[in-house]
Amino acid sequence: MQETKSTCPYCGVGCGVIIESEGPQITGVRGDPAHPANFGRLCTKGSTLHLTATGPVTMQTRLLHPLHRTQRGGAPAPLAWDTALTLAADKFAATIAQHGPDSVGFYVSGQLLTEDYYVFNKLAKGLIGTNNIDTNSRLCMSSAVAGYKQTLGADAPPACYDDVNHAQCLFIVGSNAAWAHPVLFRRIEDARAANPGMKVIVADPRRTDTAGMADLFLPIQPGSDVMLFNGMLHLMLWEGWVDAAYIAAHTTGFDELKALVRDCTPERVAQVCGISVADLTTAAKWFATSTATLSLYCQGLNQSSSGTAKNAALINLHLATAQIGKPGAGPFSLTGQPNAMGGREVGGLANLLSAHRDMTNPQHRAEVAALWGVADVPSQPGKTAVEMFQAAADGEIKALWIACTNPAQSMPDQATVRRALQRAEFVVVQEAFATAETCAYADLLLPATTWGEKTGTVTNSERRISRVRTAVSAPGEARHDWAIAVQFAHQLEARLRPGAPTLFPYTTHAADASAETIWNEHRETTRGRDLDITGLSWDLLESAGPQQWPFLADATTGKARLYQDGIFPTADGRARFAAHAWQPTAEQRESRYPFSLTTGRLRDQWHGMTRTGTLGRLFGHVAEPSVQMHPQDMDRRGLKAGDLVHLTSKRGSIVVPVQADATLGLSQLFMAMHWGSQYLSGISSTGERLAGVNALTTSAFCPTSKQPELKHAAVKLIKAEMPWTLLAMAWLPANKAMAAREALSALMAQFPFASCVPFGNNTRLDEPGRERTGVLLRAAAHEAPPDALIAQIEALLGMTGADTLRYADSKRGQRRAARLVRNGENTTLEGIVLAGDTSAEGWLKTLLQEELPAQTYGRLLLVPGAKAPVAVQSRGKPVCTCFNVTDAAITTALAQCHGTDDDRLAQLQGQLRCGTNCGSCVPELKRMVRSAGRLAFQPLAQAAI
C-alpha cells in the first residue's frame with residue numbers, strides 16, 4: 001500500500017488528507033494530522049472520498065476519451081487527442097478571425113488547481129486577447145472579493161482558523177458552517193468548550209444546526225443583512241461603543257457612513273429584519289464590547305443582489321470597533337470551494353488580473369503584459385458568469401470552453417443558460433465526469449483528471465497554500481487540466497501568432513516539473529504585491545508543509561493575521577468605510593409569488609453531486625429531493641408531508657415533494673442547491689424537460705460583484721394533483737448501477753414529476769467490502785402511462801426473471817412487482833415496483849433497504865395497503881453516516897442517558913459511537929439531546945402545576 005499526502009477537493013477549509021492506494025485503486029483516506037487546516041479531521045464527504053474515487057460505480061461516470069458530436073443531441077464518438085485539439089483550435093481561431101476575440105468565452109472553476117487557473121487566464125487574456133474568462137467562483141466568492149477590496153484595499157481575508165481559539169465573541173452570519181464547513185465547525189465547538197464565556201451570535205433566516213449553538217439567534221428576514229449591520233452601528237454610535245481613536249488613525253469615510261446609519265433606528269431595523277430591539281441591542285453590545293470579535297460569513301452574504309454591500313457593511317463594524325488585526329478578531333469570509341482563493345490569486349475572473357492587480361489600472365496591465373511577454377492585455381472587463389451565458393444566448397458569444405464546472409445545473413435561470421448552450425456555435429466541455437448535465441450540450445468533450453490524480457497547489461480560506469499530489473495514474477486518456485489548456489494554446493498560437501515564441505513554455509509530459517514551472521511563473525507575478533509569495537517554493541511546501549501568504553523573499557514564515565499594524569493596502573494606507581444603504585431583495589414577495597425561496601447545502605452532498613452522487617450512503621441523511629416549508633404554512637394550504645407541489649417563479653416551474661420544517665420562518669421555503677435535472681425532473685405541460693431547483697432562481701446580480709442572488713427568489717406553491725404514482729427501487733450490481741441510473745434518469749422526461757437517486761445499505765465506514773448500491777425512481781402522473789414504460793423500468797432494475805413476483809390490474813392502472821433472492825439462509829427483497837398504488841411503500845421500502853428477511857411474505861409482498869401483513873420495524877433515518885446510527889437508535893439510547901446535556905451526549909457516543917469519527921453529525925446529536933431533555937422534563941413540569 002502506498003500513502004500520498006494531498007488535500008480534500010470539497011469546501012474551502014482545505015483539509016489535508018492521506019490517500020491510501022494500491023496500483024490504480026484508491027483504497028482508503030484519512031485526515032492528515034499534520035495539516036494545520038484540519039489536524040486529521042475530515043467530514044462525511046471527505047472521509048468517504050476513497051469510495052467516490054476509483055470504485056466501480058464512480059468509474060462508470062468518468063469521461064475517459066475525447067468525444068465529438070457531429071450533430072447536436074446525437075451520441076458523441078471517440079476521436080484522438082490531436083484530432084480533438086486541432087478541431088478546437090480551428091473552431092476558436094475561425095470564430096476569433098470572423099467575430100473578434102470577445103466572441104469566445106471561458107467558464108472555469110474554483111475546483112481547478114492554481115496552475116490550471118493560471119494557464120487558462122494567460123490563454124484568454126494573453127494569447128487570445130479577451131477578458132471573457134470567468135469562473136463558478138463568481139457564484140461563490142465575488143461579493144467577498146469586492147467587499148474586501150472596497151473597504152480594506154485588497155482581496156485578503158485578514159483572519160485565520162486559529163482565531164476561533166482567541167475570540168470572545170463569534171458572529172456567524174449567512175453561513176450554516178455546521179453543514180457547509182463541518183471541520184471548521186468542530187474547531188469552533190472545541191474553542192467554545194475551552195472558553196465557555198465566548199458569546200456566539202448567529203444571524204440566519206433559518207434556525208440551522210449552526211444556530212443551535214448560539215447564545216443569541218437573530219432570525220432575520222431574507223436580504224435584510226445590511227439593515228442589521230447598519231442598525232448595529234447606529235446603536236454602537238449611540239452608546240459610545242465605537243473606537244474613535246482607531247477610526248481617526250487608520251480609516252477614512254466614517255462621517256458619510258455615520259450620516260447614513262442615523263436613520264437606521266432600532267425600531268426601523270427591528271421591523272425590517274423581523275427581530276426584537278432587545279436582541280438587536282444585545283448583538284451590537286456583544287460585538288463592540290468584546291475584547292475580540294470574529295465574524296464568519298459565507299453565501300448568505302455573498303449570493304445577493306446586495307452582496308458587496310452586505311460584505312462591506314459587516315466589515316464596517318470591525319473597523320468602527322477596532323475588531324481587526326489582532327488574535328480572535330476580524331471579518332473572515334469562508335470560501336465555498338477548495339481553490340476559489342487560488343483562482344482569485346491568479347486573476348481568474350473577468351474583472352481581475354494576476355496577483356490582485358486591477359484591470360482598469362494601466363500600470364497593472366503593463367506589468368502583466370511584460371511578465372507574459374505580450375504587447376498588452378485588454379483593458380475592458382470581460383463578461384462575468386451571468387453576462388457570459390446571456391451573451392451566448394443572445395448570439396454575441398459564439399464559442400464556449402467550460403472546464404471543471406457544470407453550469408447546466410449550478411447557474412441560476414436555467415432556461416437562459418440552456419438556451420445559451422444550445423445557441424453557441426461550438427461548446428467544449430473539459431470534464432472528469434460524463435454525468436454532468438452540461439456534457440449533454442457539448443460538441444467536444446475532453447477528459448480531465450480529478451482528485452487523487454492531479455498535481456499542483458490550492459489555497460484555502462485562511463490564505464494557506466497546500467500541495468496536491470498524484471496518488472494514482474489517470475484513467476483512460478484523461479489529462480491534467482493545465483496540460484489540456486497548454487496543448488490547446490500551442491495549437492492556437494500557430495494560428496493566431498505564427499512564428500512567434502510560445503507564451504506557454506511548459507512541457508506536458510513531466511507533470512510535476514511542468515506544474516512547478518507554471519507555479520513559479522505565478523509566484524513571480526506576486527512580487528511586491530499584497531500576496532507576495534516570492535519566499536515560497538515547492539521544496540519548502542514539501543519540507544515545511546502548507547504555508548500562508550504573504551510569504552516574502554526574506555521571510556521564514558507567512559503571516560497568520562493581516563493589518564496588525566493598522567496599515568492597509570490602499571493609496572494612503574487607511575481602510576475605507578463604505579456607506580451602503582439597505583436595499584431589498586431583487587424580487588419581493590407579493591400576492592402572485594407569496595413565498596421567499598432560499599437555497600443552500602446539504603450536510604453530506606457537494607455542489608452538483610457528480611462525485612458524491614455516486615455513493616448511496618451519502619443519501620442516507622437526506623434521501624430525496626424536497627422543498628421545506630413551515631408546518632403552519634402547510635396546514636393553511638392543506639398540505640401534508642410528501643405531497644407534490646408545483647413550485648413556480650417568474651422564470652420556471654418544477655414539481656417536487658414538500659416536507660415540514662419548523663426551522664423556517666413563515667412564508668419562507670428552503671430547497672437544497674444540489675437537486676439538478678439529473679436527480680429531479682419531469683416534463684412540463686408544454687413539453688419542456690424540467691431543470692431542477694435552478695429553474696427557479698434569479699440571475700439578478702450585485703452591480704459591483706456581479707454575483708447572482710441565488711439565495712432568494714419569489715415563488716408560488718400550489719398542490720399538484722397527480723393521482724397516479726410510482727415507486728421503483730432495487731439493489732443492483734455495482735458495475736451496472738450507474739448505467740441503470742442513467743437510463744432511468746432519461747425516462748424521467750416521460751412523467752410530469754420524477755426523481756431518481758441512489759441509496760445505500762446499513763454499512764459502517766469501518767466495514768469495507770459490504771457497500772451495496774441501489775437506485776430509486778419515484779414518479780407521478782395525471783393518468784397511468786403505457787404498460788410498456790413500466791416494463792422498461794422493471795427491466796432496467798433487473799426484474800424480468802422467474803425470481804420476480806407480479807400483479808397487474810390494467811383497469812385501475814396498477815402494477816406491482818417484487819424480486820426475491822435467496823442469500824444464504826435468508827431470502828431478501830432485492831427490488832420492488834409499485835405502480836398506480838404506492839401505499840405499501842413504507843414497509844416494503846424498509847424491508848428492501850434494510851435487507852430484512854422476506855421469506856415469510858411470498859405473494860403478500862404484492863398486497864396493496866400501508867399496513868404490513870407481518871410487522872416490519874424500520875431502523876429509522878441515518879444521522880451518523882460513518883457508523884450508520886439512526887434517529888430511532890439515538891432516541892432509544894437517550895431514554896437511558898442522564899445528567900447534563902454534555903453528560904448525555906458523552907453517554908450516547910460511548911454507547912453508539914455516533915459523532916466520534918468525522919463529527920459532522922454532532923450538531924444534530926446535540927439538537928436531539930436538547931430535545932430529549934425538554935421532553936423528559938415536561939411531565940415533571942406539568943405535575944408541579
Side-chain angles (χ1 to χ4, degrees), residues 40-44 47 176-179 182-200 202 206-217 602-604 617 620-623 631 660-663 762-767 846 849-850 852 871-945:
R41 283 175 163 163
L42 293 175
C43 68
T44 51
S47 60
N176 184 16
W179 282 19
V183 172
L184 176 60
F185 197 73
R186 302 288 82 73
R187 292 181 73 157
I188 294 170
E189 290 175 323
D190 291 346
R192 182 72 177 278
N195 179 18
M198 175 197 289
K199 299 295 186 183
V200 178
V202 175
R206 295 190 299 144
R207 189 180 287 272
T208 62
D209 276 351
T210 302
M213 77 176 311
D215 298 292
L216 177 63
F217 174 55
L602 297 177
R603 190 192 74 184
D604 295 349
R617 73 157 58 238
H621 190 240
V622 177
D661 185 352
T663 70
N762 303 323
T763 60
R764 302 184 331 193
L765 203 55
D766 59 353
E767 295 177 317
T846 297
Q849 195 164 357
E850 298 183 9
L852 300 175
V872 176
Q873 184 65 43
S874 171
R875 294 179 63 253
K877 181 181 81 71
V879 173
C880 175
T881 300
C882 297
F883 295 115
N884 200 16
V885 182
T886 67
D887 54 356
I890 292 167
T891 300
T892 299
L894 280 174
Q896 310 301 319
C897 297
H898 306 284
T900 67
D901 286 355
D902 289 343
D903 292 338
R904 286 183 292 146
L905 177 62
Q907 293 165 34
L908 176 68
Q909 292 180 307
Q911 182 177 342
L912 300 180
R913 297 179 66 191
C914 48
T916 60
N917 186 44
C918 78
S920 295
C921 64
V922 169
E924 188 167 353
L925 296 178
K926 289 182 176 179
R927 172 158 47 88
M928 295 182 74
V929 167
R930 290 192 299 269
S931 178
R934 287 193 295 270
L935 292 172
F937 181 75
Q938 189 174 2
L940 297 175
Q942 291 173 344
I945 293 175

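Just so you know, these numbers come straight off a predicted model, no measurement behind them. Note that the numbering runs from 1 along the sequence shown for the chain. In what follows, every heavy atom counts, from backbone to side chain, and hydrogens, waters and symmetry copies are set aside.
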Exercise for review: Let me see the working for Asp903 and His898 under side chain to side chain contact (heavy atoms under 4.5 Å, CB included), right down to the final yes or no.
Suggested key: CA-CA 7 Å; Asp903 292 338; His898 306 284; over 6 Å; no
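- Every pair tested for salt bridge (charged side-chain N to carboxylate O under 4.0 Å, His left out) that includes a residue from residues 882-895 fails, sequence neighbours excluded, so the list is empty.
- With Asp215 contributing its side chain and Val200 its backbone, the two residues share a donor-acceptor pair below 3.5 Å.
- If you take CZ on Arg207 and CZ on Arg927, they are separated by 11.5 Å, rounding to the nearest 0.5 Å.
- Side-chain atoms of Asp209 and Trp179, non-hydrogen and from C-beta on, do get closer than 4.5 Å to each other.
- For the residue pair Cys918 and Cys882, the shortest heavy atom distance occurs at SG-SG, 3.7 Å.
- By the 4.5 Å heavy-atom criterion applied to side chains, Ser47 and Leu765 are counted as neighbours.
- Of the possible donor and acceptor atoms, one in the side chain of Arg617 sits under 3.5 Å from a partner among the backbone N and O of Thr881.
- Rounding to the nearest 0.5 angstrom, the gap separating the CD atom in Gln909 from the SG atom in Cys921 is 7.5 Å.
- How far CG of Leu908 is from CG of Leu894: 5.0 Å, rounded to the nearest 0.5 Å.
- A pairwise comparison of heavy atoms in Gly876 and Glu850 identifies N-OE2, 4.0 Å as the closest pair.
- Nearest approach of Phe883 to Thr916, heavy atoms of both residues: CE1-OG1, 3.5 Å.
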Check your understanding: Going through the checks in order, is the side chain to side chain contact (heavy atoms under 4.5 Å, CB included) test met by Cys914 and Leu925?
Key -> CA-CA 8 Å; Cys914 48; Leu925 296 178; 3.9 Å; yes
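- No donor-acceptor pair closer than 3.5 Å links the side chain of Arg41 to the backbone N or O of Val183.
- Between Arg186 and Glu189, at least one side-chain nitrogen of the basic residue sits less than 4.0 Å from a carboxylate oxygen of the acidic one, meeting the salt-bridge criterion.
- Using a cutoff of 4.0 Å between basic side-chain nitrogens and carboxylate oxygens, Arg187 and Asp190 are not scored as salt-bridged.
- Under the side chain to side chain contact (heavy atoms under 4.5 Å, CB included) test applied with Arg603, the options Pro923, Pro182, Ser920 reduce to a single match, Ser920.
- Shortest non-hydrogen contact noted between Arg904 and Gly899 is NE-O, 3.5 Å.
- By the side chain to side chain donor-acceptor pair (under 3.5 Å) test, Asp902 pairs with no residue at all, sequence neighbours left out.
- Crowding of Arg875 atom CZ: a count of heavy atoms from other residues, nucleotides or ligands under 6.0 Å exceeding 12.
- A side chain to side chain contact (heavy atoms under 4.5 Å, CB included) with Ile890 holds for exactly one of Gln911, Glu924, Met928; it is Met928.
- The closest donor-acceptor contact from the side chain of Thr663 to the backbone of Arg206 lies at 3.5 Å or more, if one exists at all.
- Residues Phe185 and Val922 are not in side-chain contact: their nearest non-hydrogen atoms beyond the backbone lie 4.5 Å or more apart.
- A donor-acceptor pair under 3.5 Å links the side-chain atoms of Lys877 to the main chain of His621, judged by distance alone.
- Counting only heavy atoms from C-beta outward, the side chains of Asp901 and Lys926 never approach each other to under 4.5 Å.
- For Asp604, the salt bridge (Lys or Arg N to Asp or Glu O under 4.0 Å) test picks out no residue, with sequence neighbours left out.
- To the nearest 0.5 Å, atoms NZ (Lys199) and CZ (Arg192) are separated by 8.0 Å.
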